[in-house]
Amino acid sequence: MTAPTIFWFRNDLRLSDNPGFSQAVAEGTVMPIFISEEESAEAFKMGAASRWWLHHSLEKLDRSLQHKLNFYRGNSLEVFKKLLQHSPIKAVYWSRSYEPLAFQQEQAVAQLLEQKNIPFQSFNASLLWEPCEVLKKDGKPYQVFTPFYVEALSRSAAIRKPLPAPTSMKLCRDQSNLDDLNSLALLSKIPWHHKLHSCWKVGEQEAQEQLKIFLQNGLEGYQQHRDFPAFSATSRLSPHLHFGEISPHQVRQTTQQAALKTVKKDADAFLREVAWREFSYYQLFHFPELPWKNFQSKFDPFPWRHNADLLRAWKEGKTGYPIIDAGMRELWQTGTMHNRVRMIVASFLTKNLLIDWRDGAAWFWDTLVDADLASNGLNWQWVAGCGVDAAPYFRIFNPVLQGKKFDAEGEYTRRFLPELSQLPKKFLFTPWEASEAILKEAGIILGKTYPFPIVDLQQSREEALQAYHLL
DNA sequence: TGAAATGTTGGGGCG
DNA sequence: ACGCCCCAACATTTC
């Protein structure tokens with residue numbers, strides 16, 4: 001048997017539109033591998049919800065690969081060193097990561113392969129635009145989304161057409177490898193994740209299916225409906241995109257084809273959101289400290305509060321503000337949160353509670369199935385006001401008004417806060433204003449079945465404005 | 001991809 | 001008929 005080409009799967013867990021994989025298959029026998037770096041460095045630790053997703057995504061991918069996917073644990077450089085000792089390798093291909101640490105790892109592997117004189121090649125499988133190519137006239141990266149997007153769109157012609165999945169593959173296993181998917185220990189022993197099964201369908205086929213469902217049912221009116229958390233008007237593609245079960249190229253092309261029949265402005269609005277994902281990776285590429293360092297360094301001395309009780313109340317959805325609590329419970333129960341509500345809860349944490357955006361980001365990292373280093377960092381910094389093209393510091397969401405405006409019927413809030421389900425619409429976002437009789441009728445005992453507000457909105461708003469103003 | 005404070009306008013009630 | 005006040009509705013400014 002001739003030596004196989006290794007294809008190193010990373011966050012590109014699909015067979016279709018995977019340029020490196022297609023090329024490897026076209027050139028002969030392929031040994032597909034996946035490396036979990038989680039044990040090798042704290043920085044690679046994934047959140048519990050992401051691990052759940054990854055486990056099932058790998059399971060699906062392994063099935064598509066005729067159960068030939070090879071699993072390894074540890075530092076990727078060490079894994080490759082061992083791999084190269086065992087058997088002759090023709091070449092190594094992979095899809096580039098645009099996350100700083102993962103990029104460093106692949107650079108180290110590339111160096112090793114160079115030394116060993118083994119051909120290798122990396123591919124862009126996950127971004128529509130190479131971060132290093134889209135630059136301002138002065139050669140510096142864009143810091144504002146809109147001009148970035150205008151420039152990016154002008155380069156649309158260069159975007160590759162999505163590739164079909166290979167029709168026939170010769171795959172092989174690494175016989176010396178004893179690890180399997182379960183050795184990666186991605187699933188928590190506590191069966192909390194069972195509830196995620198009813199919310200999500202993981203995998204490449206499922207991602208394609210979800211895109212179709214969204215384009216058929218959700219695209220028309222997307223621009224208006226996407227703001228209302230009770231509707232299912234969002235694409236729900238983010239975890240699929242994060243793990244590369246579907247590529248932005250596929251999303252873009254299929255959306256544009258669908259848009260020929262439906263409303264163009266909705267398609268544009270949707271693709272603009274996909275472009276925000278690009279912008280996040282773009283910023284992460286040019287500012288690798290994005291996930292943990294203020295983009296605007298003047299925020300560095302900001303006096304964030306370290307109040308464990310307030311933070312816990314926020315995490316558990318027990319702040320006493322129903323739209324906040326509904327969002328936080330949705331997150332815990334389903335591994336996601338509607339985009340509008342993410343902004344509201346993030347504003348509440350960073351402005352009303354004056355808690356460090358990194359604490360919020362860490363919780364999202366642990367609980368979101370679409371937790372993404374680039375998007376999480378960019379968007380938290382956006383809300384906190386310290387980020388790229390950020391929201392101004394004085395933009396403070398009022399959870400009562402936001403609830404009334406974007407969940408006017410209270411459907412979303414009641415869905416995730418069953419203890420308030422009997423409360424009349426008039427008081428749903430201000431239960432503390434309801435009379436004793438009304439609360440009793442609704443079966444609510446404030447401070448017992450549902451908390452009193454943990455902060456005063458007006459006062460905390462004033463304090464935030466004052467603190468931010470001092471910057 | 002806000003909200004609150006402040007300013008302006010115009011219609012109606014009323015002496 | 002007129003001026004005055006009130007206030008809702010909308011617009012602008014400010015944080």
Side-chain angles (χ1 to χ4, degrees), chain A residues 142-150 218 221-231 233-236 238 265-280 283 295-296 298-299 302-303 319 321-324 326-327 330-331 336-354 357 360-361 364 370 372 374-408 412 429-430 433 453 455-471:
Chain A
Y142 287 94
Q143 298 198 355
V144 181
F145 173 75
T146 303
F148 161 81
Y149 193 39
V150 169
Y222 172 81
Q223 199 177 20
Q224 290 163 21
H225 299 159
R226 61 182 291 268
D227 255 334
F228 298 90
F231 299 167
T234 54
S235 75
R236 289 172 60 87
S238 52
K265 77 172 191 340
D266 289 315
D268 287 346
F270 171 58
L271 291 177
R272 196 181 169 85
E273 296 305 313
V274 178
W276 269 98
R277 172 182 173 278
E278 297 275 330
F279 190 57
S280 300
Q283 291 303 338
F295 185 82
Q296 299 178 42
K298 68 171 178 180
F299 277 80
F302 192 85
T319 67
Y321 290 104
I323 193 73
I324 306 279
E330 178 186 26
L331 174 59
T336 191
M337 194 194 304
H338 186 275
N339 174 260
R340 162 65 47 181
V341 192
R342 289 189 201 199
M343 291 193 287
I344 306 172
V345 302
S347 167
F348 187 77
L349 185 81
T350 55
K351 311 256 164 113
N352 296 97
L353 300 183
L354 282 177
W357 60 269
F364 273 27
D370 64 14
D372 184 281
S375 298
N376 204 34
L378 183 112
N379 287 309
W380 271 98
Q381 294 217 37
W382 181 87
V383 175
C386 57
V388 194
D389 193 10
Y393 73 90
F394 48 77
R395 187 175 291 161
I396 299 172
F397 290 70
N398 179 326
V400 175
L401 297 178
Q402 288 282 314
K404 286 179 179 169
K405 191 169 173 188
F406 294 105
D407 191 30
Y412 171 83
F429 298 104
T430 51
E433 284 179 358
V455 284
D456 179 80
L457 280 187
Q458 232 180 336
Q459 192 193 331
S460 60
R461 180 176 187 275
E462 292 298 322
E463 285 170 13
L465 286 174
Q466 224 166 33
Y468 273 85
H469 188 67
L470 291 175
L471 286 171

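Throughout, a chain's letter reflects where its sequence line sits, starting with A, and its residues are numbered from 1.
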Closest to the side chain of A/L401, out of B/dT1, B/dA3, B/dG2, is B/dA3
Report yes if at least one side-chain N or O of A/R340 is closer than 4.0 Å to OP1 or OP2 of B/dG2; otherwise report no.
-> yes
Taken to the nearest whole Å, NZ/A/K405 to P/B/dT1 is 10 Å
Here the distance between atom P of B/dA3 and atom CZ of A/F348, to the nearest Å, is 14 Å
Rounded to whole Å, the CG-P distance (A/N398 to B/dG2) equals 12 Å
Exercise. Examine B/dA3: is either OP1 or OP2 under 4.0 Å from a nitrogen or oxygen in the side chain of A/Q402? Give yes or no.
Key: yes
Expected output: side-chain A/S347 to main-chain A/F397 donor-acceptor under 3.5 Å
yes
The nucleotide from B/dT1, B/dG2, B/dA4 with an atom nearest the side chain of A/F397 is B/dG2
**Request:** Could you tell me if the ring centre of A/Y142 sits under 6.0 Å from that of A/Y149?
**Result:** no
| message | OP1 or OP2 of B/dT1 versus the side-chain N and O atoms of A/N339: is any pair under 4.0 Å? | response | no
note: A/H338, atom NE2; B/dT1, atom P; distance rounded to Å ~ 15 Å
Here the distance between atom P of C/dC15 and atom CG of A/L471, to the nearest Å, is 16 Å
In whole angstroms, the gap separating C1' of B/dA3 from CD1 of A/I344 amounts to 13 Å
Say whether, by atom type as modelled, one donor and one acceptor occur between the side chain of A/Q381 and the main chain of A/F295 under 3.5 angstrom. yes
Rounded to whole Å, the CD-P distance (A/Q458 to B/dA4) equals 8 Å
Are the side chain of A/D389 and the backbone N or O of A/Q143 linked by a donor-acceptor pair below 3.5 Å? no
When rounded to whole Å, the OH to P distance for the pair A/Y393 and B/dT1 reads 20 Å
